[in-house]
Amino acid sequence: MKVPVIMLSSVPELHGYIDKSQLTEDLGGTLDYCHTRWLCHRTAIESFALMVKQTAQMLQSFGTELAETELPNDVQSTSSVLCAHTEKKDKAKEDMRLALDEGQSILENIREPLAKSGEQSLNQDELDNQTTVQRLLAQLNETEAAFDEFWAKHQQKLQQCLQLRHFEQDFREVKSSLDALAQKIATFTDVGNSLAHAEHLLKDLASFEEKSSASVKRAHTLSLEGEKLIDTKHYAVDSIRPKCHELQYLCDQFAAEVERRRGLLSKSLELHGLLEASMKWCDEGIYLLASQPVDKCQSQDGAEAALQEIEKFLETGAENKIQELNKIYQDYESILTKDLMEHVQKVFQKQEGMEEMFHRRQASLKKLAAKQMRPVQPVAPRPEALTKSPCPSPGSRRGSENSSEGSTLRRGPYRRAKSEVSESRQGRSSSTGHEEESLAVLRRHVMNELLDTERVYVEELLCVLEGYAAELDNPLMAHLMSPGLQNKKDILFGNMEEIYHFHNRIFLRELEEYTDCPELVGRCFLERMEEFQIYEKYCQNKPRSESLWRQCSDCPFFQECQRKLDHKLSLDSYLLKPVQRITKYQLLLKEMLKYSKSCEGAEDLQEALSSILGILKAVNDSMHLIAITGYDGNLSDLGKLLMQGSFSVWTDHKKGHSKVKDLARFKPMQRHLFLHEKAVLFCKKREENGEGYEKAPSYSYKQSLNMAAVGITENVKGDVRKFEIWYNAREEVYIVQAPTAEVKAAWVSEIRKVLTSQLQACREASQHRTLEQSQSLPLPTPPSTSPSKGTTRNIKKLEERKTDPLSLEGYMSPSSLPKPPEKGRASPTSPDKKPKRHEVKSDPTPFGLRGWSKTSHPLEAPEDNDGWSSAEELMNSSDAEEEGRVGPRKLVPGKYTVVVDDEKGSPEALAVRNGDMVEVVQEGDEGLWYVRNLSSSKESWVPASSLSALLGMSGSAQCLSSSVW
């Protein structure tokens, strides 16, 4: 196609070809068109169209991402997703806002000519541009609206998911809490073994219900929240509704279980109330029987008065006693455990036994009340009736008949008197029976008191352990505790838990087995005497506990615990209960022994009482022992503490006075002595300031003496309260003055026991060594070279020195003497006998055996030295021959004449006099001979040394004549 090309040289030439209306102003035309503006608008429109396209793609991609996002299963992840999506939504909304602002700006720029002059109009290009921008803006608004709708749904779903996750998390916590409560309430199986225990369990249940109310309330609240979610048309209704139902079920089940437990405990409380009322009624009846004087009941008026008292008391039984045992079983079947059923049976048996005693007493009193006192009418004897004829005549036969009538009249009052004497004897036997019955009643009363107080004691210990000790580990109570109380439970409570378990699991149950035979309860104490040693540990810790209590007694923790337990007394009163209880036993045993002296278990009761007193003494001694300060060694290495007490002490040392204060011998030192098996300690008592246990004295250690080198002199001239303790062959002499003569005698006796045990241990060691040497040397050794001969002889000499100045009681206690030889038996040893548990058992180790040969004899000794020591020198030669003395002749069985009077004879001794004939029957253990006094027919075991002196067979008879054997 050929197009003509015309070359123009001016604008007017252009007007000839093109109309001015088609030309722009710069070409002299009238067309309103600016190419630069058109280019600017077109560029902006294309850029805006691209932005709208990109925004739409971004929203589409973001919507796809939201649609494909899986909902998390936990709260934290759901919260994170919701936050991330919200941030992205906000960014997309910001991009759309910028795009809309850009489109509005372009549209305003296109419409700018119209804004300047209303007469102007837009050309076709501007109209097209305006249409394009408006279309893009509409598209962008539609996209934004669709995104907002999608986001609203997505956001709601995420929020509902978050609500669901919160609900599920709270549900798990609440369910776990309710399950724990259910497990806890399931452990409340105990229905109580006493009225106080049942009341305590009810209080525990109420406290538990109060503590659990928060969890139950939270469960109800969560269930309501779930219902609200369902009402708001939550997408997970099928998951929320079962959980709400489960929460409601658990709450209802827990409430029902609490009510069931409350009902059981209320029944238990009711049953124990009946049992307590019955036992109280029985005790009152027993008191009534015991309080009725037997002598006043012998009269008719007294018997009737006593009978009225009994009938009046029995009328009160309708309200207090158990009527039917089977009805009790039926009414309280739901709570009757094996132990509780046994308790009900025992109470019922006690009630029946008491009623039986009342019926017996009633029958006896009715007999006494119905007895008529008939006056005795004397009838004068007829003289003719007294004469008897060998051949009676008819007249005399008639007289005989009359006489028989008179005899019948005379026998009438006699028979009545005889029957009255018989009734009087029956009354005396009845009186004796009443006394035995009264003693049995008193024994039952003491046993009931022992059991009742034991049960109360166990309950009080349990209250302290659960209400105070356990709360120390409760984190909810930590804010109430002072810093000084942290980790101090063992100091504050000691071994109270150990004491509680012993009494609750063992001792109380064994005591209940002796309910029907209270006189045998001593055996229960004897069988468990070793377990009672736990009280010594508790008492030793008591000062530390008391000190800690005084520091922290104002702590809010104790006040809160006391409030919860509803105790009127503070904790320190309950911490004193074990100390009070161990001292209470000896009082109850004394009472039981008082009413059981003629019963089978009297010996066991006496032994149990002695054992408890021994434990109390050991506890008291240990309390003093832990107060010793300044001792470098270990006190436990000194053996068992035997005695302790305060004395006045003077010193008298052979080597001279090392200190100036020793010169003042007339001024005594106040010392507290501790006698152990291996040493005696001298301490100075120091009183401490303070209150309670803090006021207890302390003892400053001064010196100690090894018992292997100790000797004693029993009597010191001028004062019966003084005795001597000398050391290392009287190189050191301590004159000790006791507060009383009885205290001195007890100490001297205990020291003698220690020295005796050392002597016996040394003898056994020497015999053992001799036996080993004889086994190692098969050939006999000449007497002069025997290594054991001198030792054995010296031990015998030492035994003679020991028994010389002292009585036989100092050598051996009466309980340890062998019994007399029985016929047909050659062994003089005593039969097996159960050892006393409270006796002091010394260590059989030969104390200071090596040091015996190093100790020399005292260079001087007072004339009245009646002391002895287990640490005297063992001579290594025949010292009797060297000193020119003749040893005692050997004793053999046979008859002898006594040549010396026994000046100190006692009912327990043989009590021989000069000239009496005695028969030496046979030799026993420990150097004793069994001797029979042919003059008085008395028999006894006698030490060989004393026997030799009495028979004139010893060179030291004059010295030995004062021995008591």
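Each residue takes its place number in the sequence, starting with 1. Note that the structure is a prediction, hence the values are computed from the model and not measured.
No donor-acceptor pair under 3.5 Å is formed between the side chain of Arg443 and the backbone N or O of Met592. Judged purely by atom type and a 3.5 angstrom limit, Asn504 has no side-chain atom pairing as donor or acceptor with the backbone of Tyr500.
Between Lys350 and Asp283 there is a salt bridge, since a side-chain N of the basic residue sits under 4.0 Å from a carboxylate O of the acidic one. We find that Glu449 and Lys584 are joined by a salt bridge, their nearest charged nitrogen and carboxylate oxygen being less than 4.0 Å apart. Between Lys267 and Glu270 there is no salt bridge, since no side-chain N of the basic residue sits under 4.0 Å from a carboxylate O of the acidic one. A salt bridge links Glu600 to Arg523: at least one charged side-chain nitrogen sits closer than 4.0 Å to a carboxylate oxygen.
Taking the six-membered ring where the residue is Trp, the centroids of His445 and Tyr595 are separated by 6.0 Å or more.
Glu519 and Tyr514 are not linked by any side-chain donor-acceptor pair at a separation below 3.5 angstrom, with hydrogens and angles left out of the test. No side-chain N or O of Glu459 forms a donor-acceptor pair with one of His200 less than 3.5 Å apart. Between the side chains of His343 and Asp339, no donor N or O sits under 3.5 Å from an acceptor N or O. Between the side chains of Glu356 and His359, no donor-acceptor pair is found at a separation under 3.5 Å. A donor atom on one side chain and an acceptor atom on the other are not found under 3.5 Å apart for Arg444 and Thr515.
Ile322 is listed as a side-chain neighbour of Leu275, based on a closest heavy-atom distance under 4.5 Å. The closest side-chain heavy-atom distance from Pro578 to Lys542 is not below 4.5 Å. Contact annotation: the side chain of Leu442 never approaches that of Lys594 to less than 4.5 Å [non-hydrogen atoms, C-beta and beyond]. Using a 4.5 Å heavy-atom threshold, the side chains of Glu607 and Phe525 count as separate. Between Leu587 and Thr583 there is no side-chain heavy-atom pair separated by less than 4.5 Å. Contact annotation: the side chain of Tyr468 approaches that of Phe493 to within less than 4.5 Å [non-hydrogen atoms, C-beta and beyond].
Open room surrounds NZ on Lys537; 12 or fewer heavy atoms of other groups in view lie less than 6.0 Å from it.
A cation-pi contact links Arg581 to Tyr457, judged by a cut-off of 6.0 Å to the six-membered ring centre and 45° from its axis.
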